Amino acid sequence: MSNEAPVTETEWTIRTAEGALFAKSWTPEATSAAPIILFHDSLGSVDLWRGFPQRLASETNRRVIAYDRLGFGRSDAHPGRLALDFVAAEARDSIPPLCEQLGISDFIACGHSVGGGMAVETAARHPERCRALVTIAAQAFVEDRTLAGIRDAKRDFQDPANVARLARYHGDKAQWVLDAWTETWLSPAFADWTLDRALSAVRCPVLALHGDRDEYGSSAHPERIAAGRGAARLLPDTGHVPHREREPLVLDAIRSFLSGR
C-alpha cells in the first residue's frame with residue numbers, strides 16, 4: 001500500500017422520511033474523484049467498519065461515506081419489522097436523501113455482505129450516477145450455506161454476553177438488529193430472494209471480492225454478481241470479513257479497480 005494521506009473526518013445527521021440516519025465521512029485534503037458510499041452488513045454500523053473507511057479514503061484519494069441504516073448504530077430506531085424488499089428499499093429510501101444532503105452527484109457503491117446487495121440495488125436504481133460497484137462477501141441469492149451460517153450464529157447469540165457485545169454498537173436496538181437479520185433471512189417468505197433483477201440493470205464496472213472460506217456464501221455469489229459485468233476475485237484463506245482479515249489485499253484490489261474511474 002502507498003503512504004496514507006491525511007483525511008478529515010466529519011459526522012452528519014441525514015434526515016429521511018422514516019427517521020434520522022447517522023453518517024460519517026472521511027475526506028482527503030485534495031480529491032475530485034467520485035466518492036465511495038459504504039453499505040454495512042446485517043449486524044454492522046459505521047463504528048464496526050473500524051479503521052477501514054479512513055484507510056480506504058487515504059489509499060484511493062476519494063471521499064468515503066459510511067452510514068448507519070435505520071435501526072442500526074447511532075441512527076434512529078426502526079419503527080417495525082424489516083420488509084421483505086429491504087435490500088432494494090435501501091437504494092430507494094436512503095440513498096437519495098444521503099446524496100442530496102451531503103452534496104453527492106456521482107459515486108462508487110461499495111458494500112459488505114447484505115450491504116453488497118444494497119450496493120448492487122443502488123447501482124441498478126441509479127445507473128446514471130453510480131460509476132463503479134464493489135461488493136465484499138455479498139450474497140446474490142439465498143444459499144443453504146448462508147442459512148446454515150445464520151442458524152449457527154443465532155445459536156451463538158443465545159449467550160447474553162454476545163448480545164451485550166452487539167449492544168456496544170447498537171445500544172437498546174441490539175435485539176432488533178439481531179432479529180432483523182436472523183428472522184428475515186430464515187423466513188420461508190424470503191427464500192426466493194435474489195439480486196438477479198437488479199444485476200440485469202447494472203451498467204457500471206463491477207468488482208466482486210469474496211473469501212474462499214466464507215461461512216455465509218460460496219463462490220457462486222461473486223461469480224453471479226460479476227458475470228458479464230466485471231471481475232470476481234476469490235481471496236485465499238479468507239472468511240466473511242475480508243476487509244478486516246485481509247485489509248491490505250482488499251484495499252489494493254479496490255484502489256487498482258478504481259484507478260482512472
Side-chain angles (χ1 to χ4, degrees), residues 7-28 31 34-58 60 62-83 85-105 107-122 125-126 129-130 134-138 163-181 184 241 243-244:
V7 301
T8 299
E9 298 183 7
T10 308
E11 295 184 354
W12 308 83
T13 298
I14 308 300
R15 303 295 176 183
T16 75
E18 293 78 23
L21 307 180
F22 171 77
K24 189 172 182 177
S25 64
W26 294 258
T27 308
T31 179
I36 301 170
I37 300 176
L38 293 179
F39 299 78
H40 65 72
D41 65 295
S42 292
L43 300 182
S45 68
V46 170
D47 292 337
L48 276 166
W49 283 108
R50 300 182 183 176
F52 180 72
Q54 184 274 329
R55 286 186 280 274
L56 182 62
S58 181
T60 61
R62 293 174 185 265
R63 183 187 188 193
V64 173
I65 301 102
Y67 73 100
D68 292 335
R69 298 201 302 273
L70 194 69
F72 295 79
R74 287 184 264 178
S75 290
D76 283 352
H78 195 285
R81 299 182 62 179
L82 281 185
D85 70 341
F86 76 101
V87 180
E90 199 62 29
R92 180 190 69 221
D93 299 336
S94 297
I95 296 308
L98 178 79
C99 289
E100 179 182 359
Q101 293 172 49
L102 269 64
I104 299 168
S105 53
F107 57 82
I108 311 297
C110 177
H112 172 230
S113 192
V114 76
M118 293 170 180
V120 170
E121 292 282 0
T122 297
R125 190 173 186 88
H126 306 283
R129 303 177 71 178
C130 189
V134 180
T135 65
I136 304 171
V163 179
R165 279 190 285 272
L166 198 62
R168 296 176 189 171
Y169 300 95
H170 303 290
D172 59 8
K173 302 187 295 290
Q175 189 62 52
W176 180 92
V177 167
L178 178 59
D179 291 342
W181 175 41
T184 301
V241 194
H243 56 284
R244 191 174 303 156

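The shown structure was predicted, so the numbers you read here are calculated from the model rather than taken from an experiment.
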Only distances under 3.5 Å count here; give the side-chain donor-acceptor pairs of residues 96-105 to other protein atoms, sequence neighbours excluded, each with its distance to 0.1 Å.
from   : atom 1 : to    : atom 2 : distance (Å)
Gln101 : OE1    : Arg15 : N      : 3.0
Gln101 : NE2    : Arg15 : O      : 2.7

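Looking at every heavy atom in both residues, Ala119 comes nearest to Gly111 through CB-N, 3.8 Å. Taking every heavy atom of both residues into account, Ile36 and Cys110 meet most closely at CG2-CB, 3.8 Å. Of all non-hydrogen atoms in Ala57 and Pro28, the two that sit nearest each other are O-CG, 3.5 Å. Here the closest non-hydrogen pair linking Val177 and Ser42 is CG1-O, 3.7 Å. The minimum heavy-atom distance between Leu70 and His78, with the atom names listed, is O-CD2, 3.9 Å. Here the closest heavy-atom approach between residue Gly116 and residue Ala138 is recorded as CA-CB, 3.8 Å.
A donor-acceptor pair is defined here as one N or O able to donate and one able to accept, closer than 3.5 Å; such a pair exists between the side chain of Asp68 and the backbone of Arg74. For Trp26 (side chain) and Arg55 (main-chain N/O), no donor-acceptor pair under 3.5 Å exists by modelled atom type. Under the 3.5 Å distance criterion, the side-chain polar atoms of Ser75 are left unmatched by any main-chain donor or acceptor of Gly71. Using modelled atom types, one side-chain atom of His126 and one backbone atom of Ala91 make a donor-acceptor pair closer than 3.5 Å. Side-chain atoms of Lys24 never come within 3.5 Å of backbone atoms of Glu9 as a donor-acceptor pair (strictly under, hydrogens ignored).
Rounding to the nearest 0.5 Å places OG of Ser94 at 8.5 Å from CZ of Phe39. Rounded to the nearest 0.5 Å, atoms CZ (Phe107) and CD1 (Ile65) are 10.0 Å apart. Distance CZ/Arg168 to CG/Leu48: 10.5 Å, rounded to 0.5 Å. Rounded to the nearest 0.5 angstrom, Asp47 CG and Tyr169 OH are separated by 7.5 Å. A distance of 9.0 Å separates CE in Met118 from OG1 in Thr122, rounded to the nearest 0.5 Å.
Inter-residue side-chain proximity for Cys130 and Ile108 is flagged as unmet; no heavy-atom pair is nearer than 4.5 Å. Between Leu21 and Asp76 the shortest side-chain heavy-atom distance does not fall below 4.5 Å. You'll find the side chain of Thr16 stays beyond 4.5 Å of the side chain of Asp93, heavy atoms only. Contact annotation: the side chain of Pro53 approaches that of Leu38 to within less than 4.5 Å [non-hydrogen atoms, C-beta and beyond]. Side-chain contact between Leu43 and Trp181 is present, with at least one heavy-atom pair separated by less than 4.5 Å. With a 4.5 Å cut-off on side-chain heavy atoms, Thr31 and Thr60 do not count as touching. At a threshold of 4.5 Å between non-hydrogen side-chain atoms, the residues Gln54 and Val64 do not count as touching. A heavy-atom distance below 4.5 Å is not found between the side chains of Pro35 and Thr27.
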One pair to check against side chain to side chain contact (heavy atoms under 4.5 Å, CB included): Trp176 and Leu82. What are the steps and the verdict?
CA-CA 10 Å; Trp176 180 92; Leu82 281 185; 4.0 Å; yes

Are Glu90 and Glu121 close enough, and set up right, to give a side chain to side chain contact (heavy atoms under 4.5 Å, CB included), and what steps lead you there?
CA-CA 8 Å; Glu90 199 62 29; Glu121 292 282 0; over 6 Å; no

Evaluate Trp49 against His243 for ring-ring contact (aromatic ring centres under 6.0 Å, His included), listing each step before the verdict.
CA-CA 9 Å; Trp49 283 108; His243 56 284; 5.0 Å; yes

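Other residues, nucleotides and ligands contribute at most 12 non-hydrogen atoms within 6.0 Å of the CZ atom of Arg81.
Aromatic rings from His40 and His112 are positioned such that their centres are separated by 6.0 Å or more.
With hydrogens and angles left out, the side-chain atoms of Trp12 and Ser25 include a donor and acceptor closer than 3.5 Å.
Judged by a 6.0 Å distance limit and a 45° cone about the ring axis, Arg69 is positioned over the six-membered ring of Phe72.
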